[in-house]
Structure formats: C-alpha cells, structure tokens
Student: 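Structure below; questions to follow.
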Number of protein chains: 2
Amino acid sequence: MKRIVILGSTGSIGQQTLDIVRAFPDEFEVVGLAAGHNVELLAEQVKEFNPKHVCCIKPPAKAFSGPGFTPEFTPMEDMVCLDNVDQVMVALMGSVGLVPTLNALKCGKSVALSNKEPIVMAGGLIKEYASRYGGEVLPVDSEPSAIWQCLRGEDNEILRLLITASGGPFRTTPIEEMEGVTPERALQHPTWKMGKKITIDSATLMNKAFEVIETHWLFNVPWDRIEVVVHPQSTIHSMVEFADGSVKAQMGPPDMRLPIQYALFYPKRLPNAMIPRLDTKKSHSLTFEPLEPARYPCFGLAVSAAKKGGTYPAVLSAADEVAVQAFLDCKIGFTEIPRVIDRVLSEHESLPGDTAEDFLEADRWASGRTAELIGG
Amino acid sequence: MKRIVILGSTGSIGQQTLDIVRAFPDEFEVVGLAAGHNVELLAEQVKEFNPKHVCCIKPPAKAFSGPGFTPEFTPMEDMVCLDNVDQVMVALMGSVGLVPTLNALKCGKSVALSNKEPIVMAGGLIKEYASRYGGEVLPVDSEPSAIWQCLRGEDNEILRLLITASGGPFRTTPIEEMEGVTPERALQHPTWKMGKKITIDSATLMNKAFEVIETHWLFNVPWDRIEVVVHPQSTIHSMVEFADGSVKAQMGPPDMRLPIQYALFYPKRLPNAMIPRLDTKKSHSLTFEPLEPARYPCFGLAVSAAKKGGTYPAVLSAADEVAVQAFLDCKIGFTEIPRVIDRVLSEHESLPGDTAEDFLEADRWASGRTAELIGG
C-alpha cells in the first residue's frame, strides 16, 4: 500500500488523482490532503478518504471530520515530511509549490510533480535536492510523462526531445486579430480540459515553454536538443529521438488520468477502465507542423529567460501568473501578456539562485512589479 | 569487435548489413558470407571484407580471394556454428533459412532474423531451440523491430501489438480492378524499396500476416492481441498498447538500415549519418485506417493457417512463394494468388511439426502441389 499526500486535492489534477485512488482502493492510503479555498470540496474528500492530516488556506470554523475521527491540521511543509508518507503529489498552482516540493525531497520522498512553477523557477535546486537527499521527482504532466515513458529502458544518447503542442485555440487565427481576443475565446482549448491559468498558458504557448524547461531539468537534456512540434490532435504526447535516429513516441487520447496513474504506480502499468483507449476502428489523421515563433512570443522569451538561469525563470513564472490573471480580469489584452513579462524580465537583476529564498524573493518582486506595471 | 556471418549477403538486406559494417569498420569482423546466384557481387564483397568462410549455391570455377588469402568454402549450416562467430544475420529468401537458423540457435548464437519464412514455418520450434540452447532471435524487419524497441524496459502486460501496414499499391484501387493488375503495377510499392517477392507480398498483405505470425512468436503475444492498422506513410513502424492504455510507437523515415543496425548493436544505439532522420521542419500528416479484409484475402487466410499450427504455416509460406513467382511470370493473375494458396492449404494434412524435417517435408509437398495446380 502506497501512503500518499496530495497537495492541491481540490484542483483538476488533485481530483483526478483521487479518481485513481478511488479506482484502486487497496493500493493507497491517503495520509494527507491540502487545498486552497475550496473548503466545501475538501470537506467531502476528507469524509471519503479519511486522511489523518489536512491543510487549507483558511481553516473553517468547524473542523473537518471523517466518519470515525477528526484529522489534524498540519501545514503542507510538515505534511510532506511525515514518516508514514511514501509519495507526495504536488498539484498546487504557482510558486506556493516550491517549498513543499523542496521539503519533500529533503526528506527523501518520491515527488509526483504536476505543479510546473517550482521546477520552472528552481529546476537546478530541485534536481540538486533530489540527488543530495535521495528523493526523486516524477513528472505528471502529459508531455514530460510521455518523454519519461519513451526513455524507459534506454540509456542511449538523446538527439532530440520532440515535445508536441496542440497550438492552442489561436493556431490558425490571423496574427493581426490576436490583439482583440477575449478571455472567453482564449479559454476554448481545442483538445485538453484544464484550469484557467494553464489554458491561457496553452494559448500563448507559455505552458509549452514551461514543459521545455521542465524536461531540460528532469531529463538533463541540453536546451538545443529540445524542440517543439505543433500537433493539433494532441494524440502523440511527445517523442524522443535517439542517437541512431530512431524516434519513440507515446500516445493515447488526451486524458490526464493516464500520466497521473503512471507516476503513482511506476514502474507498474495497471488496467483502469476509466482511461480511454486509442480507437483503431475508425480512420484518423495526425498532423505535424513547425512552430511559428511570431504567433507565440511568450514561448521564445520564456526559453531565453530559462537559458539565462539565476532567478530569471522565477521572474518569468511570477510575471506570467500576474499577467494571465490580469488578462482573465480584462485588465490587459492578450498580446500584452508577453510585453508585460518581457518588461519585468528586462528590469530584473538576478540573484544567485542557490537557495529557495532567492527564488521566492524574485517571485515576490516580479509579482509586485508586474501588478504595478499593469495597474499604472 | 563483433564477429558476424551474413547469410544472403548479396540480397537487399545483406547489402544493407554490409553498409552498416562499412560504417563501423572497428566494430565488426566478417567471418563468413553466403549468397545464392549473384557470384559476381559476392566476389566483390569477399575482396572488400576478407571473410575466412564463403558459401554460394554454385561454386564458381575460380575460387574467391581476398587481398592476402583465399576463403574456405563452408556450407551455411556449418558456417553459423563456427566457434569464432558471435552473431548470424539470416537474410536469405524462403525456407532455405530454416536449417541454418536452427543450427545457429543450437550452437547458442545470436540470430538476427530478416528472413521471415523460417519463423512463419516453424516459429514454435525456433523459440524452443532459442530457449533450450541459450541462443536468441532478434528481429530485423522494420515492424517487429519497432515492437521490440517499444517493449524495451517494459515488463508490463501487453494489451495490443498494433502493426502498421502501408496498404501497398492497391489500397485505394477499386476491388473489381484487382483481378487485372499486372506485376509491373504490383511492384510499385508506395513507401519501401524491397525485393520482388516481398513487394508482391506487401501488395497482397501476405507480408503483413507474416509479421503478425513473427511477432506472435517473438514476443509471445496471443493472436487476438495482434492488430494491423493501415498507415500509408510508413512513418510509424508499429506500436504497442500496454495494460494502462498507454501506446508507444517507434517511428522514422522508411529505411531498413535502422532496424538492421539496431539488431547488430543492441542494446546500444550509435549515430550513423547514412540513416535518414525524421524531418520536423516541414508539415506532414500521418493517417490511420482500419484494414479492409475483402481487399486483402491473403491476410485472413494466412493468419487462420498460423492459428491452426502444425505444418499449415509451412504450407502457407511455400504455396505463397510459388504462387507469387507464378504471378511475376504472368502465369496466374493477382487475385488467383490467394485462391491457389487456399486450395493447397485445404488439401494439406498436417504433420506434428516437432522437427525441422516435418516443416521441410510440408514445404516440399506444398511447393510441388502449388506448381502442379498452377501448371494444370
């Protein structure tokens, strides 16, 4: 039985993680659940899964309770280090995932990392913690999971990681119309159902840049060997090209429960009827096209920031978070997102980036500065 | 340094195997070369690669010679068992590959098997020899190699092997026109350049049935978990679906040197500039459609014969060889190929199939009977 903690249990990935737990009741013990503001859903989850530990941003007046007991309120940072925890699913949003991730690694835990921001902000530090303290970081996101699956059993040189991108809702929109797109249109993702922030990041391809950064750190592949290929059907989740030119791809209908389950059970693969299967009884077409840099300015600036290193990626991530929220709140236009982020990055003076505090400080500075620029 | 013997060195796969040897001169010693009637090319190969042993169907009057020595004439059956041989590439055509394959396995050698007929005829016996005497059978053909690559590092349950088929030159030809197709048209394979026999087998999909049979034996997968998917671009060479619904695919431009090199260097993958790489700089489309059984009657009758077991698959293979040659010689029409094979299969009384001799006897009987039916 695997004893798990789920940080962000009321979000999309948190709920789907609990779907997997529900499908394999004998395989998991849920030791802890942590959520943000959705106290009502967290209370239901506590009733169903009886965690010994619970955490939320604002503790409600009345304590949560399971059928036979009352869980302890335990901060996330402590919950991930409990002795009786084998694996931590980090499915939070934003920089709040960084400290729990580092803590879990410091305690030698296996971390299933869905939350991209910690590894975008501080990829080097996370990898250093994992190797120093004997923990591990497993990808949960569909594309890095595909690469992880393709690399299974291969210790051969990697020529290229080929990360697929649906291209989002504006893949074929005339570029001159992009300035006027509304949040409603930007939230219509063609293939994946996700939270609002990541859906906008998919429309700008910022999310794809985050995956480039994530795979760079997770699989130790140089920047110039990571390529993005636009693949509108999102059936091939990513590919790896090896030294001999052979390309392996991982594919399936777009559904996050497969990569979530893969991270929870790795190296085992278990049948689960709720995961949809590739339909070979009907004809279908998979298309591939090169990325158009002019259509997706966020992509290029994000990868440049990541290559610069230091605390630039933390600034990138924080500025993006604030800018996307401002777009969703109709305070800025869609094409202003990259402009604001670029401005904040250009004003930043990098800190060394050898402690979590450096990244959090850069994060705070960038959030404040982005808000200021948008407000002013 | 790997010491290899190449049986069928003047054929398409034999020559491409020597391309790989030529590209990595420090990695191989060519101990023996065997060919059929192309004595001239064999003589050139002997000059270039200096094998100690040589074999051809009709020994020429003048012995072959390398720059400093004269190779010994050694029958294939003995050549594969020499102490100083590590791996045998069996790239022969037809049932002639069976005895050398079994001999090599009996001597505990690694056999890279390009020649499909031995494993189609006697898959059970080949697997038994490999496990009893400690040899191994490695696939060379593109589709089984793709499956082998996808299975690397996976010891999880296989839900389906998805073997891709280009569909050949008659994928969209009106079925009523199939009766009149000429050998010239049938030899126009849309994606692969191969020998004549295998090109016709690709037009009838007999070749795809042979791959189903080969993968059944090589990877120990039940018949009902092997499916053929028509994929005209031949970019995805095959796929595996695992217990959790995850599908892995192996892909690349159609070029046999990749799977040949993979079998020669496994588990290493080495860079080789002669192997073309997947071009991601231009747009492309990969399409998939279900197999139309009515268009490809050879496919269904071949898989049925394989499922019946005994010496039926040997009869299938021999009848196909004679029928295809008769079609190439304009003695029978394209649509008569399956009819003749079906008739021969229906007349056959299976032998137990526990010795090579059973299969060879069935092979001889079926060749004679097919020729008789065509002649009469």
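Lettering follows sequence order; numbering is per chain, from 1. Hydrogens, waters and symmetry mates are skipped; everything else that's a heavy atom, side chains included, is used.
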Student: Give, as side chain, backbone, both or neither, the part of A:Glu241 having an atom under 4.5 angstrom from any heavy atom of chain B.
Tutor: side chain
Student: Between chain B and each of A:Arg160, A:Glu157, A:Lys282, count heavy-atom pairs under 4.5 Å; write down the option with the most.
Tutor: A:Arg160
Student: Short question: side chain of B:Arg269, backbone of A:Asp244 - any donor-acceptor pair under 3.5 Å?
Tutor: no
Student: Counting only non-hydrogen atoms closer than 4.5 Å, does A:Leu278 touch chain B with its backbone (N, CA, C, O), its side chain (CB onward), both, or neither?
Tutor: both
Student: Between A:Leu159 and chain B, which part of the residue has a heavy atom less than 4.5 Å away: side chain, backbone, both or neither?
Tutor: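 Interface part for A:Leu159: side chain.
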Student: Under a 4.5 Å heavy-atom cut-off, does chain B meet the side chain of A:Glu227, its backbone, both or neither?
Tutor: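 Side chain of A:Glu227 only, per the 4.5 Å heavy-atom cut-off to chain B.
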Student: Using modelled atom types and a 3.5 Å cut-off, is there a donor and acceptor pairing between side-chain atoms of A:Lys248 and backbone atoms of B:Gln149?
Tutor: yes
Student: If you count the non-hydrogen atoms of other residues, nucleotides and ligands that lie under 6.0 Å from CG in B:Asp279, is the total more than 12?
Tutor: yes
Student: Which one wins on heavy-atom pair count under 4.5 Å against chain A: B:Cys150, B:Ser283, B:Ser246?
Tutor: B:Ser246
Student: Need one label for B:Gln261: side chain, backbone, both or neither, based on atoms under 4.5 Å from any heavy atom in chain A.
Tutor: side chain
Student: Taking it one step at a time, do B:Thr280 and A:Met239 satisfy side-chain contact (heavy atoms from CB on, under 4.5 Å)?
Tutor: CA-CA 12 Å; B:Thr280 51; A:Met239 304 178 258; 5.9 Å; no
Student: Is B:Leu162 in contact with chain A via its backbone, its side chain, both, or neither, using a 4.5 Å heavy-atom distance?
Tutor: side chain
Student: Can you name the closest pair of heavy atoms from B:Lys281 and A:Pro290 and give their distance?
Tutor: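 Closest heavy-atom pair between B:Lys281 and A:Pro290: O-CG, 3.1 Å.
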Student: Between A:Val247, A:Ile236, A:Thr287, A:Leu151, which residue shows the highest count of heavy-atom pairs closer than 4.5 Å to chain B?
Tutor: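 Of the candidates given, the most pairs with chain B belong to A:Val247.
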Student: For A:Pro267, which atoms come within 4.5 Å of any heavy atom of chain B: side chain, backbone, both, or neither?
Tutor: backbone
Student: Would you mind telling me which of B:Val240, B:Leu270, B:Asp255, B:Asp155 has the largest number of heavy-atom pairs within less than 4.5 Å of chain A?
Tutor: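 Winner by heavy-atom pair count: B:Leu270.
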Student: Using non-hydrogen atoms and a 4.5 Å limit, figure out which bit of A:Leu291 sits close to chain B: side chain, backbone, both or neither.
Tutor: neither
Student: What part of A:Phe265 gets within 4.5 angstrom of chain B, counting heavy atoms only: side chain, backbone, both, or neither?
Tutor: neither
Student: Heavy-atom distances under 4.5 Å only: say whether A:Arg257 touches chain B with side chain, backbone, both or neither.
Tutor: neither
Student: Counting heavy-atom pairs closer than 4.5 Å to chain B, which one of A:Ala146, A:Ser285, A:Gly245 comes out on top?
Tutor: A:Ser285
